[in-house]
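Input: a single structure, listed below in structure tokens.
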Protein chains: 2
Amino acid sequence: MKRGFDKFRAFLRGHGLILTKTRELVFREIFSFASPHPNAYEIRDRLLKKGHRVSLATIYRTLNLLVRSGLVSSIDLGENHSHFEPERTRTAHGHLICLSCGRVREFSHADIREAIVKIGRAKGYRLDKFSIQVFGFCERCGKA
Amino acid sequence: MKRGFDKFRAFLRGHGLILTKTRELVFREIFSFASPHPNAYEIRDRLLKKGHRVSLATIYRTLNLLVRSGLVSSIDLGENHSHFEPERTRTAHGHLICLSCGRVREFSHADIREAIVKIGRAKGYRLDKFSIQVFGFCERCGKA
DNA sequence: TTTAATGCAAACATTTTGCACCCTG
DNA sequence: CAGGGTGCAAAATGTTTGCATTAAA
């Protein structure tokens with residue numbers, strides 16, 4: 001996503017930070033959607049497989065920058081660590097997590113989004129973002 | 001909630017476990033709603049103030065039992081640890097979290113609940129539970 | 001050349017676990 | 001008395017940070 005990358009560069013510049021090779025690698029890995037909701041370790045491993053050795057410390061630091069810039073959001077999939085995904089305001093979506101096999105599917109919810117915006121407005125909040133996690137058993141696992 | 005307590009006792013019995021004084025204390029603390037979404041440390045401190053010294057290990061062990069029994073749900077409020085609250089299927093609600101002051105308010109969403117159930121059904125999932133977190137700035141903090 | 005970025009290891013925070021001892025049925 | 005429960009301390013995660021070194025403008 002060229003647009004996103006430019007935004008990242010602008011964010012860095014605006015904060016007196018530099019666009020480095022490493023930051024670009026992390027950015028591109030997330031925005032490649034190679035795995036839809038990677039965690040920090042997955043990002044590290046994927047980069048390593050491509051021959052890029054980036055430390056977890058740097059990955060976390062870059063992830064924090066991306067989250068602060070609004071380009072990436074950190075999501076909770078019911079595990080004990082964070083997952084990350086490109087922020088896509090246009091295509092509002094939630095996550096459907098199978099409690100048995102762990103599979104994560106997305107679902108869109110433009111209608112739900114509207115309902116939430118309305119709720120926020122009614123309570124006087126300036127909304128930033130929201131997330132929805134739905135837990136259950138997928139078709140395959142549900143047979144049990 | 002008498003009903004809930006009976007359910008806890010039944011769950012324990014059904015798993016060859018015992019209802020002890022300590023487990024009852026943790027259960028009652030959560031269901032007292034003294035603080036609406038306590039984390040493990042808050043539960044420990046509240047019990048301590050009432051003169052009950054319970055170790056964090058036991059609190060976590062009991063919380064896990066309560067979550068497994070379906071009586072309590074673990075929620076993510078955007079901090080780095082879990083919060084817990086009594087499960088209330090009837091009064092479906094989400095959490096509205098202020099990014100500035102951290103205040104957490106609840107909102108009900110019977111309509112959203114229906115939309116989600118419909119989505120789950122369409123995808124062949126047997127739903128267990130879902131959670132919605134909305135982040136923004138509350139009226140007071142939004143002025144800035 | 002100057003300032004920030006990186007890797008490493010140590011520090012942190014949260015949660016889990018092993019083990020000796022305690023309680024409960 | 002037997003089996004699970006508890007506290008303590010140690011281990012296991014996931015994430016952040018201090019510091020010496022490296023790289024970018």
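Within every chain, numbering begins at 1; the chains are lettered A, B, ... in the order of the sequence lines, protein sequences first and strands thereafter.
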**Request:** List for me each residue that meets ring pair (Phe, Tyr, Trp, His ring centres under 6.0 Å) alongside A:His81, sequence neighbours excluded, and say none if there are none.
**Result:** A:His83
**Prompt:** Among residues 50-67 of chain B, which contact DNA chain D at a heavy-atom distance under 4.0 Å?
**Reply:** B:Arg53, B:Val54, B:Ser55, B:Ala57, B:Thr58, B:Arg61
**Prompt:** If you link I, L, V, M, F, W and Y whenever their side-chain heavy atoms are under 4.5 Å apart, who else ends up in the same group as B:Ile112?
**Reply:** A:Leu96, A:Phe107, A:Ile112, A:Ile116, A:Ile119, A:Tyr125, A:Leu127, A:Phe130, A:Ile132, A:Val134, B:Leu96, B:Phe107, B:Ile116, B:Ile119, B:Tyr125, B:Leu127, B:Phe130, B:Ile132, B:Val134
**Asked** Between A:Lys50 and A:Glu29, is there a side-chain N and carboxylate O pair less than 4.0 Å apart?
**Response** yes
**Request:** Rounded to the nearest 0.5 Å, what's the gap from CG on B:Leu71 to CZ on B:Phe5? Could you check?
**Result:** 10.5 Å
**Request:** Report yes if some heavy atom in the side chain of B:Ile30 is under 4.5 Å from a heavy atom in the side chain of B:Leu63; otherwise report no.
**Result:** yes
**Asked** Are the side chains of A:Cys138 and A:Cys101 in touch, meaning some heavy atoms are under 4.5 Å apart?
**Response** yes
**Message:** Considering only residues two or more places apart or on different chains, which pairs with a residue in residues 33-45 of chain B satisfy salt bridge (Lys or Arg N to Asp or Glu O under 4.0 Å)?
**Reply:** none
**Request:** Extract, from 5' to 3' on DNA chain C, the first and final nucleotides lying under 4.0 angstrom from some heavy atom of chain B.
**Result:** C:dT14 to C:dG18
**Message:** Show me the pairs that pass side chain to side chain donor-acceptor pair (under 3.5 Å) and involve residues 57-69 of chain B, at least two apart or across chains.
**Reply:** B:Ser55-B:Thr58
**Prompt:** So which pairs with a foot in residues 12-25 of chain B pass side chain to side chain donor-acceptor pair (under 3.5 Å), sequence neighbours left out?
**Reply:** B:Glu24-B:Arg28
**Request:** Indicate yes or no: does B:Arg3 engage B:Asp6 in a salt bridge with an N to O separation below 4.0 Å.
**Result:** no
**Asked** Does anything in residues 114-124 of chain B pair up under salt bridge (Lys or Arg N to Asp or Glu O under 4.0 Å), and if so which pairs, sequence neighbours excluded?
**Response** none
**Prompt:** Do any pairs count as a side chain to side chain donor-acceptor pair (under 3.5 Å) and have a residue in residues 96-109 of chain A, sequence neighbours left out, and if so which ones?
**Reply:** A:His37-A:Glu106, A:Arg88-A:Glu106
**Complete:** By ring pair (Phe, Tyr, Trp, His ring centres under 6.0 Å), A:Phe8 pairs with (sequence neighbours left out) A:Phe27
**Complete:** Readout for nucleotides 20-25 of chain D: B = base within 4.0 Å of protein heavy atom, S = sugar-phosphate only, - = neither; 5' to 3' it is ----S-
**Message:** Under 4.0 Å, heavy atom to any atom of DNA chain D: which of residues 78-85 of chain A qualify?
**Reply:** A:Asn80, A:His81, A:Ser82
**Request:** Can you tell me the distance, in whole Å, between the CZ atom of B:Arg44 and the C1' atom of D:dT6?
**Result:** 15 Å
**Request:** Calculate the interatomic distance between B:Arg13 atom CZ and D:dG4 atom P; express it in whole Å.
**Result:** 17 Å
